[in-house]
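What follows is a short report on a single structure.
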Amino acid sequence: MVFVRAVRLAAVAGVVFVVALSACAAPGRVGDGGGLGTPADDHEAVAQWAAEVADAWSPTGDAWQRGFVPLQDPITVEGALLEPEKRALAAGWWASAVPLPADRPARGSVVFRDGALPVTVVSAAEAYQEMDLGDPPPCVSSSPSPVDPSAGPDGSVSAPAGGDCVGLTVRGVSLSSVEMRTSRGVATVPAWRFQLDDGRAVLRAAVADPSPVPSPAATPTRAAPPGIVAAQGVTGVSGLEVHYQLGVGACDRDITPIVAERPDVVVVTGGVTRAEGECTDQLLIEPVSVTLAEPLGDRPVLDGLNGTLLPVGPGF
């Protein structure tokens with residue numbers, strides 16, 4: 001009998017409560033992966049699927065034990081970002097007020113608990129280009145503009161959605177290092193430090209050629225449960241909690257984050273109840289959290305639907 005732990009989100013008067021549940025998935029209950037008719041049974045089928053993905057995890061190749069396989073996002077933030085700045089970082093809206101060195105420095109090293117690995121370090125300009133994904137939308141004045149066809153009845157003009165129209169500006173750059181989770185435990189990794197205002201900074205890992213990500217864990221050969229949804233990314237870890245995002249449909253309900261733990265891996269996914277009848281075809285991102293029995297430590301996190309490795313995000 002396989003035990004997995006799940007949490008369910010319940011909204012009461014606009015407040016989200018997290019209630020811990022226990023799910024016991026017995027082999028053979030799932031059948032061909034189809035739901036058994038109720039949300040609890042459908043989620044049990046998803047939990048069984050996740051447990052089998054966890055049991056199938058077995059990375060092969062030399063890189064996992066001897067190379068540099070990052071298990072987290074290459075970006076780390078020093079200091080606190082305002083909400084518009086967080087959105088700018090996620091969107092890749094950057095500008096630089098200083099020249100960025102284009103020459104690569106001398107070779108560096110990734111330092112693990114069991115030794116060091118020589119690596120090629122990218123230039124500051126290359127690291128910046130990896131983060132810079134475009135410009136923010138133009139700022140729109142809220143002053144009256146009677147000739148503007150988008151103006152409201154009082155002549156005002158709305159700002160862009162969310163009120164964001166500025167990016168992050170680099171005030172200085174220097175070669176530094178950052179602590180990162182890897183397949184070989186926490187390592188010290190060369191990184192470029194892009195200084196912002198007020199002493200804050202964004203650091204980006206500067207290793208030119210990380211080792212390839214291992215192949216996904218094998219998934220069961222039967223059809224996936226109809227109520228399973230994929231994890232889109234892990235946004236952070238705090239204590240025993242893993243925060244991640246589910247990709248759900250607009251009419252999905254009974255959204256239930258599900259986790260399967262093993263000594264060497266953690267698998268996260270989610271179960272939903274599909275709505276009957278017509279619904280808009282769109283993917284919505286639902287932030288959820290699960291509580292582990294043990295700290296995540298060096299364990300990788302996999303998506304339960306496809307068995308793919310999920311890097312842990314910066315959590316800013």
Side-chain angles (χ1 to χ4, degrees), residues 2-7 18 20-23 47 49-78 109-117 119 177-191 203 205 207 210-218 230-246 257-270 287-316:
V2 179
F3 291 89
V4 297
R5 293 169 49 246
V7 296
V18 180
L21 303 177
S22 293
W49 179 280
E52 292 181 39
V53 171
D55 290 335
W57 170 249
S58 180
T60 59
D62 191 57
W64 189 259
Q65 297 295 334
R66 299 182 181 277
F68 169 55
V69 182
L71 298 184
Q72 73 176 61
D73 191 274
I75 293 175
T76 302
V77 177
E78 285 184 358
S109 296
V110 176
V111 181
F112 302 95
R113 290 191 293 251
D114 58 353
L117 176 70
V119 294
S177 64
V178 66
E179 300 292 301
M180 289 187 67
R181 295 181 66 251
T182 77
S183 62
R184 298 167 60 182
V186 176
T188 302
V189 180
L203 290 91
V207 176
S211 302
V213 173
S215 300
Q232 303 296 309
V234 179
T235 56
V237 178
S238 56
L240 295 176
E241 288 195 338
V242 176
H243 311 286
Y244 63 105
Q245 297 172 324
L246 293 173
I258 293 171
V259 59
E261 289 190 68
R262 297 294 182 270
D264 60 342
V265 71
V266 169
V267 175
V268 293
T269 186
V288 295
S289 298
V290 290
T291 301
L292 304 179
E294 300 290 341
L296 180 61
D298 297 339
R299 293 180 291 178
V301 182
L302 307 184
D303 164 43
L305 176 59
N306 301 306
T308 53
L309 187 67
L310 295 173
V312 176
F316 51 79

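Every value quoted in this text rests on a predicted model; they were computed, and no experiment measured them.
Taking each heavy atom of Leu309 and Pro214 in turn, the nearest pair found is CD2-CD, 4.3 Å. Minimum heavy-atom separation, Ala63 to Ser211: CB-CB, 3.7 Å.
Atom-to-atom distance recorded for Asp264:CG and Trp57:CH2 is 8.5 Å, nearest 0.5 angstrom. Between the OG1 atom of Thr269 and the CG atom of Leu246 there is a distance of 6.5 Å, given to the nearest 0.5 Å.
Using a 4.5 Å heavy-atom cutoff, the side chains of Val265 and Arg299 are not in contact. For the pair Pro257 and Val290, the minimum side-chain heavy-atom distance is below 4.5 Å. Side-chain contact check for Pro300 versus Val266: every heavy-atom pair is 4.5 Å or farther apart. Looking at Met180 and Val207, their side chains never come closer than 4.5 Å, going by heavy atoms from C-beta outward.
Using a distance-only test at 3.5 Å, with no hydrogens or angles considered, no donor-acceptor pair links the side chain of Tyr244 to the main chain of Val312. A distance-only check finds no donor-acceptor pair linking the side chain of Asp303 to the backbone of Thr308 [under 3.5 Å]. Side-chain N or O atoms of Thr182 include one that pairs as donor or acceptor with a backbone N or O of Arg184 at under 3.5 Å.
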(message) I'd like to know whether Glu179 forms a side-chain contact (heavy atoms from CB on, under 4.5 Å) with Thr188, so could you lay out the CA-CA distance, the side-chain angles of the two residues, the decisive distance to 0.1 Å, and finally the verdict.
(response) CA-CA 5 Å; Glu179 300 292 301; Thr188 302; 2.7 Å; yes

Donor-acceptor contacts under 3.5 Å from residues 67-77 side chains, at least two apart:
from  : atom 1 : to     : atom 2 : distance (Å)
Gln72 : OE1    : Arg181 : N      : 2.9
Asp73 : OD1    : Ile75  : N      : 2.9

